[in-house]
2 protein chains.
Amino acid sequence: MAIAYQSPVKLNFTTSSSSPISNGFPNPIPNPPSLYPIKTRFSFGFNLSSVSCKTQTHVTVLEPEPVFASVTSFAPATIANLGPGFDFLGCAVDGLGDLITVRVDPGVKPGEVSISDISGAGRKLSRDPLWNSAGISAISVMKMLKIQSVGLSISLEKGLPLGSGLGSSAASAAAAAVAVNELFGRKLSVSDLVLAGLESETKVSGYHADNIAPSIMGAPTKKMRAALPPEVTMSHHIWNCSQAGALVAAILQGDSRGLGKALSSDKIVEPRRGPLIPGMEGVKKAALKAGAFGCTISGAGPTLVAVTDEEEIGREIGDRMVEAFMKEGNLKALAMVKKLDRVGARLVSSNPR
Amino acid sequence: MAIAYQSPVKLNFTTSSSSPISNGFPNPIPNPPSLYPIKTRFSFGFNLSSVSCKTQTHVTVLEPEPVFASVTSFAPATIANLGPGFDFLGCAVDGLGDLITVRVDPGVKPGEVSISDISGAGRKLSRDPLWNSAGISAISVMKMLKIQSVGLSISLEKGLPLGSGLGSSAASAAAAAVAVNELFGRKLSVSDLVLAGLESETKVSGYHADNIAPSIMGAPTKKMRAALPPEVTMSHHIWNCSQAGALVAAILQGDSRGLGKALSSDKIVEPRRGPLIPGMEGVKKAALKAGAFGCTISGAGPTLVAVTDEEEIGREIGDRMVEAFMKEGNLKALAMVKKLDRVGARLVSSNPR
C-alpha cells in the first residue's frame with residue numbers, strides 16, 4: 001500500500017506497503033487476523049471521529065494497585081475514512097506516531113490526571129487534561145478501573161502534526177489508554193481501551209451527545225464534516241457499500257491492487273471533500289498516472305494516500321504528488337513512503353515502583 | 001449458515017451451513033478464494049436484478065464448431081441481497097436449482113435458439129426464448145461466440161419456484177450460459193458468462209435501459225424495488241457500509257456467527273421490505289430466539305434466510321419459523337436446512353457429436 005499527504009503546515013507524506021491493514025491497537029494474536037474487530041462498527045480502526053458511543057459501566061470490585069512507577073507507550077498514525085470505508089475503516093502507519101509516558105505522581109490529586117509536558121508537533125495543544133485527547137482517554141481508563149487512591153501525570157511527545165488527517169488525536173488517546181492500563185496491571189481488555197479512546201475521540205471531534213469540547217484539533221475535521229450531504233442516493237449507497245465489501249476483501253486477501261481500486265472508488269465523501277483540498281484532483285491524477293493502484297483522502301484530509309506494492313514506485317508516486325500539489329494547488333508538500341503498522345499501540349518501556 | 005423461506009406459493013425453506021459463501025459460478029480454482037469476483041460490483045454473486053450493464057463486444061475471429069451434440073448443466077438457487085449486501089452480495093444454495101439441456105438442433109434456424117420443453121416448477125414460463133431467462137442468456141452467449149451456422153434447442157427442468165426470492169431466473173440463465181459455452185468448446189471466460197447472465201437478468205428484472213421484458217417473474221421483485229427509498233440518510237449509509245464490510249470479512253474468515261450478525265443488521269432495505277412480507281417480523285424473532293445467528297430476507301423475498309452452524313439447530317430454527325409464519329402471517333410455509341453450494345453452475349453431462 002502507498003499513501004500521499006499534504007498538510008495545513010505544508011508537509012506531505014507518502015506511504016507504501018503491500019501489507020494487510022491492522023487495527024490501531026495491540027493485538028494479542030500473533031500474525032493477527034487483522035479484521036477481527038470489524039464485527040462492531042466502531043472497533044475497526046481507531047481514528048473515528050463521528051461515532052456516538054454509550055459509556056459502559058465496567059465493574060471492578062477492587063481498585064487495582066499501580067504495578068509500575070511509570071510506563072511509556074507508543075501509538076501509530078492512522079489513516080481513516082479509506083474511500084468507501086468512510087467512518088468505519090482505518091489502518092495504522094508504520095514509524096509515525098505519538099509517545100506517552102504516564103507516571104504515578106504524588107503531586108497529583110488521587111483519581112486525577114495532570115499533563116506535565118508536551119513536546120514535538122503538539123506544543124500548541126491544551127495541557128488541561130479535559131481538553132486534551134490523551135488526558136480524556138487516561139481519565140476514562142482510570143474511571144473504568146475505579147482508581148481513587150493515586151494521581152497520574154502524563155508526558156506527551158507528539159510525532160504527528162495536528163489536523164493533518166493522520167489521526168493525531170487518536171494516536172495520543174490510544175497511547176494514553178494503553179499506558180494507564182499497563183501501569184495498573186493490564187486489567188482491561190482491548191475492547192475496553194477502544195471504548196476509552198472513543199470517549200476521547202467523540203469529545204475532541206464533536207459528535208458525541210454531550211459534545212463538551214468541540215474539536216481542540218482545529219477546524220479541518222468539522223469543516224470536512226459539514227461538507228457531507230445529509231442524504232445519499234440509493235445508487236451511490238449501493239455502489240459505496242459494494243466497494244466497502246471489496247475493500248475489506250482486498251485487505252483480507254492481501255490484494256494491494258484491489259485495495260487501491262476500492263479505496264479510490266468512493267462516490268459519496270471524496271467528491272464533496274476533494275474540492276476543499278487545493279489541487280486534490282490533479283494530485284490524484286498524478287498518483288494514478290505514476291502507477292498508484294488507487295488514491296484518496298486520508299481521514300478528513302488534507303493528507304492524500306496512494307497505494308502501491310513497491311517502495312521504488314512509491315517514491316516516484318510521492319514525487320509526482322508533491323509536484324502536483326505545487327502546480328495545481330500552489331501548496332508546498334512533502335511525501336513519505338510507508339508500510340502499514342501491523343502491531344498498533346504498544347508498550348515501549350516500564351519502570352518498577 | 002442457515003436460511004429460512006416463505007414463498008408466494010406457500011412454500012418455505014431453511015438452509016444451514018457454516019461454509020464460506022461462493023459465487024454462483026464455476027470456479028476454476030480448487031478450494032476457490034470464494035470472494036475473488038467481488039472486485040467489480042456485479043461479479044460477486046449472481047442473483048442481481050438492478051445492475052445496468054453495458055454490453056461488451058467480444059471478438060472471436062473464427063466461429064467455433066460445436067464440440068458436443070448436447071450438454072446438460074445445473075445451476076443452483078441463490079440468495080441475494082444478504083442484508084447490507086443489498087444488490088451486490090449473493091451466495092449459492094446446495095442441492096436446489098435448475099437443470100438445462102442444450103442440443104444442436106438442425107430444426108432450429110442457424111444462430112437462433114428454441115425452447116423445446118419446460119418441466120418442473122416453471123411450466124408457466126414463456127417458451128419464447130426472448131422472454132425466458134435461459135433463452136436470453138443462451139442467445140447472449142451465442143452472440144459472444146458469433147455462432148451463425150447452427151441452431152440450438154433448450155430443455156429446461158426448473159427445480160426452483162418462481163418469484164420465491166431464490167434467484168430462479170438467474171439459475172436458468174447461469175445454467176444456459178454454462179451449457180452453451182461448453183457445447184462450443186468452452187471458449188468464453190467465467191466473466192463473459194456472468195455478462196451473458198446479467199444481460200438476461202437485467203432484461204427479466206426490468207432495470208436495463210431498454211427494458212424490453214419487465215419481469216416475466218411476476219410482481220414480487222418490482223413491488224419490492226418500489227418499496228425502497230430513493231435516498232438514504234448518511235448515518236444509515238455508513239452503518240450499512242460498515243456492516244457490508246463486516247459481512248465480507250465474516251465470509252472470508254468462515255465466521256458464521258459474524259455472518260449472521262452482519263446480514264441481520266440492515267437498516268435500509270429490510271425495514272422497508274419487511275412489512276410487505278406477512279409475519280416477517282415475528283418469523284425473524286422466532287428464528288433468533290431459536291438460536292439463529294441472524295435472519296433476513298432472501299432476495300426480494302418472501303423467502304427468509306437464517307444462519308446457524310449446526311444442522312440440528314437449523315431444523316429447530318426452521319420449525320419455529322414455519323410456526324411463526326402461520327401464527328403471525330397466516331401463511332403456510334415450508335422450511336429447508338441447506339449448506340451453501342461452493343461450486344456454482346456446473347456441467348452435468350455431455351454427448352459427443
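First the proteins, then the strands, lettered A, B, ... as listed; each starts at 1. What you see is a predicted model, and the numbers here were worked out from it, not measured in a lab.
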SG (Cys241(B)) and CG (Asp266(A)) are apart, to the nearest 0.5 Å, by 8.5 Å

Run through Ile251(B), Leu252(B), Val248(B) and flag the one making a side chain to side chain contact (heavy atoms under 4.5 Å, CB included) with Leu252(A).
-> Leu252(B)

Sorted by chain and residue number, the side chain to side chain contact (heavy atoms under 4.5 Å, CB included) partners of Ala77(B) (sequence neighbours excluded) come out as Val93(B), Leu96(B), Leu160(B), Leu166(B)

Of Ser265(A), Gly85(A), Pro229(A), the largest count of non-hydrogen pairs under 4.5 angstrom with chain B goes to Pro229(A)

Just give me the residue among Met234(B), Arg257(B), His236(B) that pairs up with chain A most often, heavy atom to heavy atom, under 4.5 Å.
-> Met234(B)

Portion of Leu247(B) that has a non-hydrogen atom of chain A nearer than 4.5 angstrom | neither

Sorted by chain and residue number, the side chain to side chain contact (heavy atoms under 4.5 Å, CB included) partners of Ile313(A) (sequence neighbours excluded) come out as Thr308(A), Glu310(A), Ile317(A)

Euclidean distance, Asn240(A) CG relative to Asn240(B) CG, rounded to 0.5 Å = 12.0 Å

